[in-house]
Amino acid sequence: MNRLAIYPGTFDPFTNGHLDIALRSVRLFDSLVIAVTTNAKKTPLFSVPERKELIKKSLPEDVNISVESFDGLLVDYAEKRGSIIVIRGLRAVSDFEYELQMALLNRRLKPSIETIFKMPSEEYSFLTSSAVKEIALLGGCVDGLVPAAVKSALIEKFKEKN
Ligand code: PNS
């Protein structure tokens, strides 16, 4: 059986922590889709097409990962894609409550869906997209925190905004 896993998120923007989770995950499955969507609780800096493009530019060439976007419920998208596996990163205890709620609600909505949590490398356990945006906005250095394409896009975006 061909096992496809889905790694959903806002990815605004994609960080080295996200990349680490994606690369760790794809080793366990035949293929992985990074699925970009909007989060009603967040106002994004980058549009969905911009985020998709930045993720594509950040992935190594020889890896079985594709990048898509979806609207609506994650469980409906997963079913449409023929996947029962949702990957989420878990950095610290502070992530746990939100992630547990989401995993259990998704299970309630579609019992066949399994959420699998992956721990990032320690060096990314403190890393969030929000922190990266704030650092970039305030002129700090984001080297090592985000892929090169994302760093350039952040610089451009904040130039446009100022
Ligand atoms: O990167 P994020 O913002 O933590 O990702 C959260 C995301 C996008 C995975 C979550 O909000 C989601 O699945 N949104 C799609 C709509 C949905 O299915 N909502 C019900 C979740 S219980």
Side-chain angles (χ1 to χ4, degrees), residues 2-46 48 51-52 54-60 63-136 140 142-147 149-151 154:
N2 197 330
R3 284 266 182 209
L4 168 74
I6 296 187
Y7 178 28
T10 308
F11 304 116
D12 183 48
F14 194 67
T15 67
N16 283 346
H18 294 133
L19 180 60
D20 180 73
I21 295 287
L23 295 178
R24 284 174 194 282
S25 302
V26 73
R27 292 169 52 220
L28 305 177
F29 303 98
D30 297 304
S31 55
L32 180 80
V33 175
I34 299 180
V36 181
T37 190
T38 44
N39 183 333
K41 292 177 215 132
K42 298 178 180 171
T43 308
L45 178 65
F46 293 100
V48 169
R51 281 179 261 160
K52 277 176 69 180
L54 288 175
I55 297 170
K56 284 182 191 163
K57 284 183 181 164
S58 304
L59 295 174
V63 78
N64 211 359
I65 303 178
S66 54
V67 186
E68 298 182 1
S69 57
F70 71 98
D71 292 314
L73 287 175
L74 170 62
V75 291
D76 290 339
Y77 167 73
E79 185 171 60
K80 206 175 79 194
R81 288 300 276 100
S83 175
I84 56 160
I85 302 152
V86 168
I87 305 283
R88 291 287 292 170
L90 205 52
R91 288 162 301 197
V93 178
S94 50
D95 284 341
F96 184 73
E97 216 168 315
Y98 169 63
E99 293 297 337
L100 177 71
Q101 181 193 36
M102 211 158 51
L104 294 181
L105 281 171
N106 282 333
R107 184 182 285 167
R108 167 66 72 94
L109 290 168
K110 205 142 298 207
S112 58
I113 298 285
E114 282 299 326
T115 303
I116 295 180
F117 294 107
K118 298 288 301 161
M119 265 63 78
S121 169
E122 270 169 54
E123 61 187 303
Y124 305 127
S125 58
F126 56 89
L127 186 55
T128 65
S129 294
S130 309
V132 161
K133 281 183 279 193
E134 187 170 325
I135 293 168
V142 293
D143 284 345
L145 304 181
V146 292
V150 174
K151 178 185 168 180
L154 280 165

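The chain is numbered in sequence order, starting from 1.
The minimum heavy-atom distance linking L90 with M119 is given by the pair O-CG, 3.5 Å. Here the shortest heavy-atom pairing between S125 and P120 reads CA-CG, 4.5 Å. Contact between F14 and V150 at its shortest, heavy atoms only, is O-CG2, 3.5 Å. The heavy-atom pair separating V36 from I55 by the smallest distance is CG2-CD1, 3.5 Å. Closest heavy-atom contact between G89 and D95: O-OD2, 4.4 Å. Of all the heavy atoms in F117 and A103, the pair that sits closest is CZ-CB, 4.0 Å.
The shortest side-chain heavy-atom distance between F29 and I85 falls under the 4.5 Å cut-off. You'll find the side chain of K42 stays beyond 4.5 Å of the side chain of S130, heavy atoms only. Counting only heavy atoms from C-beta outward, the side chains of S66 and I34 never approach each other to under 4.5 Å. You'll find the side chain of V63 reaches within 4.5 Å of the side chain of L23, heavy atoms only.
A side-chain donor-acceptor contact under 3.5 Å links R51 to the backbone of T37. A donor-acceptor pair under 3.5 Å is formed between the side chain of D20 and the backbone N or O of S121. No donor-acceptor pair under 3.5 Å is formed between the side chain of S112 and the backbone N or O of I84. Remark: the backbone N or O of G144 is paired with a side-chain donor or acceptor of N16 at under 3.5 angstrom. Here the side chain of T38 pairs no donor or acceptor atom with the backbone of A40 at under 3.5 angstrom. A donor-acceptor distance shorter than 3.5 angstrom exists from the side chain of R88 to the backbone of P8, with no hydrogens or angles considered. Between the side chain of T115 and the backbone N or O of V86, no donor-acceptor pair lies under 3.5 Å.
Distance check: I6 CD1 to S25 OG gives 12.5 Å after rounding to the nearest 0.5 Å. The distance from atom CG of L154 to atom CG of L45, rounded to the nearest 0.5 Å, is 6.5 Å. Separation of atoms CZ (R3) and CG (L28) is listed at 12.0 Å; rounding is to 0.5 Å. For the atom pair L59 CG and I65 CD1, the distance stands at 5.0 Å (nearest 0.5 Å). Separation of atoms CD1 (I87) and CD1 (I116) is listed at 5.0 Å; rounding is to 0.5 Å. Within the model, atoms CG of L127 and CG of L145 stand 5.5 Å from one another, a figure rounded to the nearest 0.5 Å.
Within the structure, every pair that satisfies the salt bridge (Lys or Arg N to Asp or Glu O under 4.0 Å) test and touches residues 116-135, not counting sequence neighbours, is listed here: D12-K133. Screening residues 69-107 for ring pair (Phe, Tyr, Trp, His ring centres under 6.0 Å) gives F70-Y77 as the qualifying pairs, with residues at least two apart or on separate chains.
Taking the charged nitrogens against the carboxylate oxygens, D76 and K80 have no contact shorter than 4.0 Å, which rules out a salt bridge.
Scored by the side chain to side chain contact (heavy atoms under 4.5 Å, CB included) test, P111 finds no partners at all (sequence neighbours excluded).
Below 30°, between 30° and 60°, or above 60°: for Y7 and F11 the angle between ring planes is above 60°, a perpendicular geometry.
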